[in-house]
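Values in this document were obtained by computation on a predicted structure and should not be read as measured data.
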Protein chains: 2
Amino acid sequence: MSPTEVSPERELLRSAGLRATDQRVETIRALEKHPHADAQAVFDIVLHELPDTSVQAIYGVLGALTDAGLVRRIEPAGSPARYELRVGDNHHHIVCSKCGAIGDVDCAVGHAPCLTPVTTSGFTLTTAEVTYWGLCPNCAAAPLS
Amino acid sequence: MSPTEVSPERELLRSAGLRATDQRVETIRALEKHPHADAQAVFDIVLHELPDTSVQAIYGVLGALTDAGLVRRIEPAGSPARYELRVGDNHHHIVCSKCGAIGDVDCAVGHAPCLTPVTTSGFTLTTAEVTYWGLCPNCAAAPLS
DNA sequence: TATCTATTTTGATTCATTCAAAACTACAGT
DNA sequence: ACTGTAGTTTTGAATGAATCAAAATAGATA
């Protein structure tokens, strides 16, 4: 993958005003294949394509992509930060309380009820984030634990 | 505070089947005065009353209280774990995206809509957790930043 | 193709939290 | 009240996630 070669990932980066580096392209590809991956998982994947990549670079890439709005960072309790390419829509997540697997969940009822608490303790409200907890199909099927 | 002396905190601990140690009593008192405190903040407060307390002890106490259901642990993105005594009700939290302050929010509309996502990606759903993000009164009032 | 600046590498550090062994203490039972 | 023992805390060290900083490198513009 030479720098001049075109690809959807490169164009996405350029259109966001970011430099299209190899690490960024491969990070996006990793997230395409593995939504909700954490930094370490992204690093492991990118390392296959770019053997000299460092973890710090991945943190830098994920931070830049997040700042640019190309990637969304989620931080479920008890898990390192996860990243996904699905941005701009108001979707939520369901986390397996046993293995940490994450699934996407569309907003429950439009978004009005979820976004409108009764009391706000004087806070100015900007967004509402819903995390569902449960068991993924695998863990639900597992015998006893 | 001798071990035989009675106090609401001691009785709460005993009724939960836990030993009423000084560190546990003082941790509960710290959380009564400072809801949503993190482990470090609890440690700082307990240290005033029990000068030989260690941070590890506070982590142990908070873990034991959480396991016993006396304390609830919340982990907002970008913040260390916070602890509160208000348990058993289905309330949510609003976090100041600027300073990290936390307020309580009663569940939006009963809990039916919040708890019923449209799709669950095959997961078995057990609970729904809502985190509101916004600005606390102080930060909203602050000039520019 | 040269240049400039953003990005990555390299190496170290912070913070929150957990682990483990030894010392201690609450409390059930005598 | 005293004692034994299991549960806690202390002491000391280690882990994992993430960030910082300086030097080396590589995009993209002209």
Side-chain angles (χ1 to χ4, degrees), chain A residues 1-7 9-28 37-44 46-47 49-68 70 73-83 100, chain B residues 1-7 9-28 37-44 46-47 49-68 70 73-83 100:
Chain A
M1 176 189 45
S2 80
T4 51
E5 208 171 319
V6 294
S7 77
E9 291 81 13
R10 286 185 56 83
E11 294 180 357
L12 177 66
L13 286 163
R14 302 285 20 247
S15 70
L18 295 177
R19 288 193 183 177
T21 67
D22 291 354
Q23 287 84 347
R24 287 177 178 172
V25 170
E26 292 305 331
T27 293
I28 292 173
D38 61 21
Q40 192 62 48
V42 171
F43 171 66
D44 292 343
V46 172
L47 204 56
E49 307 298 326
L50 306 169
D52 288 333
T53 305
S54 64
V55 218
Q56 290 87 332
I58 300 302
Y59 278 102
V61 168
L62 290 170
L65 296 184
T66 302
D67 290 347
L70 263 38
R73 172 194 282 125
I74 59 175
E75 296 178 47
S79 164
R82 313 291 195 99
Y83 301 85
Chain B
M1 175 188 47
S2 79
T4 51
E5 209 172 318
V6 295
S7 78
E9 291 81 14
R10 285 185 56 83
E11 294 180 357
L12 178 66
L13 286 163
R14 302 283 24 244
S15 69
L18 294 178
R19 289 193 181 177
T21 66
D22 290 355
Q23 287 84 347
R24 287 179 176 170
V25 169
E26 291 305 331
T27 293
I28 291 173
D38 62 20
Q40 193 62 48
V42 171
F43 171 66
D44 293 342
V46 172
L47 205 58
E49 307 297 325
L50 306 169
D52 287 334
T53 304
S54 64
V55 217
Q56 291 87 331
I58 299 302
Y59 276 101
V61 167
L62 290 170
L65 297 183
T66 302
D67 290 346
L70 262 40
R73 171 193 284 125
I74 59 175
E75 296 177 47
S79 164
R82 312 292 194 99
Y83 300 86

(request) Specify the closest pair of heavy atoms between B:Arg82 and B:Ser79, including all atoms of both residues, with the distance to one decimal. (result) NE-OG, 2.9 Å
(message) So, does A:Arg14 get its side chain near the phosphate of D:dA28, meaning an N or O under 4.0 Å from OP1 or OP2?
(response) yes
(request) Whole angstrom is fine here: how far is it from CG in B:Asp67 over to P in D:dG7? (result) 14 Å
(request) Taking side chain to side chain donor-acceptor pair (under 3.5 Å) as the test, write out the residues that go with B:Ser54, two or more places apart. (result) none
(message) Output the rounded distance in Å from OH (B:Tyr59) to P (D:dT11).
(response) 18 Å
(request) Using the test side chain to side chain donor-acceptor pair (under 3.5 Å), find all partners of A:Thr66 that sit at least two apart in sequence or belong to another chain. (result) none
(message) Could you report the tightest heavy-atom contact between A:Pro76 and A:Pro80, atom names first, then the distance?
(response) CD-O, 4.3 Å
(message) If the condition is side-chain contact (heavy atoms from CB on, under 4.5 Å), which residues does A:Ala37 pass it with, not counting sequence neighbours?
(response) A:Leu31, A:His34, A:Ala41, A:Val42
(request) Tell me what A:Ala64 touches on the nucleic acid: a base, only sugar-phosphate, or nothing, going by heavy atoms under 4.0 Å. (result) nothing
(request) Would you indicate what B:Asp38 reaches in the nucleic acid, counting non-hydrogen atoms under 4.0 angstrom: base, sugar-phosphate, or nothing? (result) nothing
(message) Applying a 4.0 Å non-hydrogen cut-off, can you work out what A:Val55 is touching in the nucleic acid: base, sugar-phosphate, or nothing?
(response) nothing
Pairwise N/O distances under 3.5 Å, protein to nucleotides 11-15 of chain C:
residue: C:dG11; atom: N7; partner: A:Gln56; partner atom: NE2; Å: 3.3
residue: C:dG11; atom: O6; partner: A:Gln56; partner atom: NE2; Å: 2.8

(message) Can you measure B:Asp22 atom CG to C:dC24 atom P for me and round it to whole angstrom units?
(response) 16 Å
(request) Report the residues that fulfil side-chain contact (heavy atoms from CB on, under 4.5 Å) with B:Gln40, sequence neighbours left out, ordered by chain and then residue number. (result) B:Asp38, B:Phe43, B:Asp44, B:Val55
(message) Going by side-chain contact (heavy atoms from CB on, under 4.5 Å), name the residues that satisfy it together with A:Leu13, two or more places apart in sequence or in a different chain.
(response) A:Leu18, A:Ala20, A:Arg24, A:Val25, A:Ile28, A:Leu65, A:Leu70
(request) May I ask you to verify whether the side chain of A:Arg24 and the base of C:dT7 hold a donor-acceptor pair under 3.5 Å? (result) no
(request) Starting at atom CZ of B:Arg19, determine the distance to atom P of D:dG4, rounded to an integer number of angstrom. (result) 16 Å
(request) Return the value, rounded to whole Å, for the distance between atom CZ of A:Phe43 and atom C1' of C:dT10. (result) 13 Å
(message) Output the rounded distance in Å from CG (B:Leu65) to C1' (D:dT9).
(response) 14 Å
(message) Please pick, from C:dT8, C:dT9, C:dT17, the nucleotide with the shortest atom-to-atom distance to any side-chain atom of A:Thr53.
(response) C:dT9
(request) Determine to 10° how strongly the helix from C:dT1-D:dA30 to C:dT30-D:dA1 is bent, judged from the axes of its five-pair ends. (result) 40°
(request) Measure from the side-chain N and O atoms of B:Thr53 to the backbone N and O of B:Leu50, and report whether any donor-acceptor pair falls under 3.5 Å. (result) yes
(request) Taking side chain to side chain donor-acceptor pair (under 3.5 Å) as the test, write out the residues that go with A:Arg73, two or more places apart. (result) A:Tyr83
(request) Check whether any side-chain nitrogen or oxygen of B:Gln40 sits under 4.0 Å from OP1 or OP2 of C:dT17, and answer yes or no. (result) no
(message) From CG of A:Leu50 over to P of C:dT8, roughly how many Å is that when rounded to an integer?
(response) 10 Å
(message) On the nucleotide C:dT25, are OP1 or OP2 found under 4.0 Å from the side-chain N or O atoms that B:Thr21 carries?
(response) no
(message) Can you work out whether B:Glu75 or A:Asp52 has the more 5'-proximal nearest nucleotide on DNA chain C?
(response) A:Asp52
(request) Could you tell me which residues satisfy salt bridge (charged side-chain N to carboxylate O under 4.0 Å, His left out) with B:Glu75, sequence neighbours excluded, listed by chain and number? (result) none
(request) For B:Arg73 and C:dA16, give me the distance from atom CZ to atom P, rounded to whole Å. (result) 15 Å
